[in-house]
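What follows is a single structure, written as structure tokens, with notes after it.
Residue numbers start at 1 and run along the sequence shown. Note that the coordinates shown come from a computational prediction; the quantities given were computed from them, not determined experimentally.
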Amino acid sequence: MELSYTVAVLIIPVFMFLFLGIVGVKLSKKTAGILGTVAMGITTVIAYTAALTYFFGTDQGQVIDGVRQQLTVLDLTWLEFTKNLVIKIGVLLDPISAMMLIVISTVSFMVHLYSLGYMDGERGFQRYYAFLSLFTFSMLGLVLATNIFQMYIFWELVGVSSYLLIGFYYTLPAAVSASKKAFIVTRFADLGFLIGILILSFYTDTFDFISLTSDPQAAISTAGGATFLGCSVMTWALTLIFMGGAGKSAMFPLHIWLPDAMEGPTPVSALIHAATMVVAGVYLVARLFPLYAVDATALDIITVVGAFTAFYAAAVACVQSDIKRVLAFSTISQIAFMITSLGVASPELHHGVGYMASMFHLFTHAMFKALLFLCAGAIIHAVHSNEMSAMGGLRKYMPICHIAFLIGCLAIAGIPPFAGFFSKDEILVAAYANSPLWGVWLSVVAGMTAFYMFRLYYKIFWWNNPDYGHHTPHEAPMTMTFPLIFLGLVSIVAGFIPFGEFVTWNHEEYVIHLDWSVAGTSIVIALIGIALATVMYRKENNIPEQLANRFRGLWTAAYHRFYMDELYQFITHKIIFARISKPIAWFDRRIIDGTMDLLANVTNSASFAVRRMQSGSVQTYVWFYLVGAVAVAAITIICLI
């Protein structure tokens, strides 16, 4: 079946961005919101149609010898540097891009619908929906890109639109600061991404994904053994490209922007910081995975960064008091799970199960983490605070939100039959197959995840029963409740999808078999984490306070994110600005500017000295003529003698 209509998933959002951005102020808020939501609904239908047609279509060209083919739906030449080095704009459909169509469109549509209730009454409502459309267009363009340069263009558009959404409350200094922080940190990472692209294209003479990944060994060998600082240039290229992904996916130490990005509207957090933008780095590595698979050094770097980030973020999440920041660090930890899964996904180990597991967890995590963020929005909407201390006993007032949040917690904790159990189990299988160290490491992180999520659950819905006064919490309106119900149901059933039949690193089917030695262990670990949280937080008691006092140093360090923000402040202000920038600024002002000023002053002084020669007085001109004539005569006589 012809799939050219897939282009519409890009055209509709960008049109709505332009329409709402230009005409939106002349529309009522309700009209602008409904138009944006309906347009996103149409986009979702088209995205589902394209993805399902790709996976289940009867076209014989889509599957050849059991291998699902990559289909270039659109391919237009934009810039041509050489015969081979050409930048094209197009649409590529393959297993991971088709899967991402479902993820992005589903979550974006739910966020559009949810925002009709959550953002009701907010100033700039039309602008908000315009920015949502821009972000959706950018993210869909990123995953459908046919080449790495086109991906980079949409990658930057994602950065711009996230900056606009995070800073939506531009009258609040914290929101403005958070948007700038996200933009600047990811710009440094994107510089590495761009350099990596240039190195890769210089040696391979192509930007095209299919050309790069169809024969990765040949692509790597084009460098001809060239090295830099002891590593091959292709290792450098792939590592720098991963640096761009690490920035977008908030991997340590480029993670500092994500917790502060919670200053944006909560639905934005569900869209950007749970299901789309933050998984761009995972998608990037997955897109180029055949190249990474033949470079063990690059994979080792990915594994170490992912594993460390997973543990670090989980440790910080265990002590945070702001519910959105708990979910933010949870997101960082879960994205790191996916990154680690790609790092341990050697093709010779269980047919590269780590790749499939990473994509599977990306899919399931998008659903239950969007659910958790939207539940958090409903809770904040009810109690008008982000702090757990302002909550408690909410299960009595918000039963639907309570059940939905519990489903999300069970899913992320890895309790069967919820979605997170199946995808996280496959990640653990891949980790143990690669090395027992990584298997144990991720198992510990999984236990920490169960603990901090149920700590959050109990602090919100149980713990105590504060006096809410005249502002008694209540269930959110249906526009907000329906997305919770829908995502809750998806979080229950998504794990039963035979994901290995659709998405694998080599596009061949992989039948998932539960390894009960791993699954059983992970269930026990998760239950221990839940039991510990239950003892400590189900009812109000002083156990958490006693433990915090006993381990005061560790608790304080974790609460302050192990002082990473302070470290960045110290490095930038005390070292870069004070020790490097100030001397350079002094040299620029005193030496460079001083030299230019000296030349200008000398020229100016000389001009003042000779300007009397142009006085306009005939007598003065005759005088200078006579003096000059006498001087010439004298010089001539001297020379003749």
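- The closest donor-acceptor contact from the side chain of S162 to the backbone of G159 lies under 3.5 Å.
- Counting only heavy atoms from C-beta outward, the side chains of V305 and I339 never approach each other to under 4.5 Å.
- Taking the six-membered ring wherever Trp is involved, the centroid distance between the rings of W462 and Y537 does not fall below 6.0 Å.
- Relative to the six-membered ring of F373, K324 misses at least one condition, a distance below 6.0 Å or an angle of at most 45° to the axis.
- Annotation: the span from I412 atom CD1 to I407 atom CD1 amounts to 14.0 Å, rounded to 0.5 Å.
- With contacts defined as side-chain heavy-atom distances shorter than 4.5 Å, the pair M536/L547 qualifies.
- Ion pair R325/E263 flagged as a salt bridge, since at least one NZ, NE, NH1 or NH2 atom sits closer than 4.0 Å to an Asp/Glu carboxylate oxygen.
- Within 6.0 Å of CH2 on W257 lie more than 12 heavy atoms contributed by other residues, nucleotides or ligands.
- Nearest approach of M359 to A286, heavy atoms of both residues: CE-CB, 3.6 Å.
- Taking both residues in full, the closest heavy atoms of G420 and F368 are given as CA-CE2, 3.8 Å, listed atom of the first, atom of the second, then distance.
- Nearest heavy-atom pair across M110 and F482 is CE-CE2, 4.3 Å.
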Give the C-alpha distance, both sets of side-chain angles, the deciding distance and a yes or no for side-chain hydrogen bond (donor to acceptor under 3.5 Å, both in side chains) between H560 and E566.
CA-CA 9 Å; H560 291 284; E566 289 79 1; 4.6 Å; no
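- We find that K180 and D260 are not joined by a salt bridge, their nearest charged nitrogen and carboxylate oxygen being 4.0 Å or further apart.
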Before you tell me yes or no, could you show the steps for S333 and V445 under side-chain contact (heavy atoms from CB on, under 4.5 Å), namely the whole-Å CA-CA distance, both residues' side-chain angles and the distance that decides it to 0.1 Å?
CA-CA 8 Å; S333 184; V445 175; 3.6 Å; yes
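- The backbone N or O of A519 sits less than 3.5 Å from a side-chain atom of D425, completing a donor-acceptor pair.
- A donor-acceptor pair under 3.5 Å is formed between the side chain of T340 and the backbone N or O of A336.
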Assess whether side-chain contact (heavy atoms from CB on, under 4.5 Å) is satisfied between L456 and M388, documenting all intermediate values.
CA-CA 8 Å; L456 179 64; M388 295 182 203; 3.5 Å; yes
Under the criterion side-chain contact (heavy atoms from CB on, under 4.5 Å), I'd like the reasoning laid out for M398 against H474: C-alpha separation, chi angles, the key distance, then a yes or no.
CA-CA 6 Å; M398 307 175 70; H474 56 82; over 6 Å; no
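- Atoms CG and CG, from L165 and L271 in turn, are 7.5 Å apart once rounded to the nearest 0.5 Å.
- Across every non-hydrogen atom of A366 and V103, the tightest pair is CB-CG1, 3.6 Å.
- Defined by atom type and a distance below 3.5 Å, a donor-acceptor pair is present between the side-chain atoms of Y118 and T266.
- Looking at residues two or more places apart in sequence or on another chain, you find a side-chain contact (heavy atoms from CB on, under 4.5 Å) between P216 and P290, L291, V294.
- A distance of 10.5 Å separates CG in L142 from CE in M277, rounded to the nearest 0.5 Å.
- Side-chain contact annotation: S443 with Y432, donor-acceptor N/O pair under 3.5 Å present.
- The backbone N or O of L437 lies less than 3.5 Å from a partner atom in the side chain of S435, making a donor-acceptor pair.
- A heavy-atom distance below 4.5 Å is not found between the side chains of F242 and L284.
- The closest donor-acceptor contact from the side chain of R455 to the backbone of A533 lies at 3.5 Å or more, if one exists at all.
- Proximity of a side-chain donor or acceptor of Y283 to a complementary backbone N or O of V143 within less than 3.5 Å is detected.
- Residues satisfying the ring-ring contact (aromatic ring centres under 6.0 Å, His included) criterion with F454, sequence neighbours excluded, are Y457.
- Counting only heavy atoms from C-beta outward, the side chains of L342 and Y355 approach each other to under 4.5 Å.
- Checked by atom type and distance alone, the side chain of S341 never pairs as donor or acceptor with a backbone atom of F337 at under 3.5 Å.
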Decide side-chain hydrogen bond (donor to acceptor under 3.5 Å, both in side chains) for T297 and T235; before the verdict, give the C-alpha distance in whole Å, the side-chain angles of both, and the deciding distance to 0.1 Å.
CA-CA 7 Å; T297 303; T235 298; 4.9 Å; no
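- Note that CD1 of I415 is 9.0 Å distant from NZ of K424, once rounded to the nearest 0.5 Å.
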With side-chain contact (heavy atoms from CB on, under 4.5 Å) as the criterion, how do Q320 and L327 come out once you've worked through the C-alpha distance, each side chain's angles and the decisive distance to 0.1 Å?
CA-CA 10 Å; Q320 296 301 301; L327 295 178; over 6 Å; no
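- Contact record, S522 with F421: OG-CE1, 4.5 Å, taken as the closest heavy-atom pair.
- Between H255 and F252, the ring centre distance stays below 6.0 Å.
- Taking a 6.0 Å sphere around OH of Y559, one finds it holds 12 or fewer heavy atoms contributed by other residues, nucleotides or ligands.
- Around atom CZ of F311, no more than 12 heavy atoms belonging to other residues, nucleotides or ligands sit under 6.0 Å away.
- A side-chain donor-acceptor contact under 3.5 Å links T186 to the backbone of F183.
- The backbone N or O of Q569 sits less than 3.5 Å from a side-chain atom of T572, completing a donor-acceptor pair.
- The OH atom of Y568 lies 5.0 Å from the CD1 atom of I256; values are rounded to the nearest 0.5 Å.
- No more than 12 heavy atoms of other residues, nucleotides or ligands lie within 6.0 Å of CZ in R550, so this atom counts as exposed by the packing criterion.
- T556 places none of its side-chain heavy atoms less than 4.5 Å from the side chain of F551.
- Under 3.5 Å, the side chains of T481 and Y114 contain no donor-acceptor pair of N or O atoms.
- Aromatic pair F405/H402: centroids not less than 6.0 angstrom apart.
- Considering Y510, F363, F55 as possible partners of F502, the one that fulfils the ring-ring contact (aromatic ring centres under 6.0 Å, His included) test is F55.
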For the pair S330 and Y452, evaluate side-chain hydrogen bond (donor to acceptor under 3.5 Å, both in side chains) and give the outcome as yes or no after the intermediate values.
CA-CA 9 Å; S330 171; Y452 67 68; 3.2 Å; yes
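- Atom CG of L132 is separated from atom CD1 of I272 by 8.0 Å, given to the nearest 0.5 angstrom.
- The side-chain hydrogen bond (donor to acceptor under 3.5 Å, both in side chains) search around T534 returns Y458, not counting sequence neighbours.
- Residues K459 and M391 fail the side-chain proximity criterion, which asks for heavy atoms closer than 4.5 Å.
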Can T364 and S423 be said to form a side-chain hydrogen bond (donor to acceptor under 3.5 Å, both in side chains), step by step?
CA-CA 7 Å; T364 60; S423 56; 2.9 Å; yes
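- Residues S97 and D94 have side chains that bring a donor and an acceptor to within less than 3.5 angstrom of each other.
- For F422 and F360, the ring centers are positioned 6.0 Å apart or more.
- Across M99 and L362, no two heavy atoms sit closer than the pair SD-CD2, 4.2 Å.
- W463 contributes no side-chain N or O that, together with a main-chain N or O of N541, makes up a donor-acceptor pair within less than 3.5 Å.
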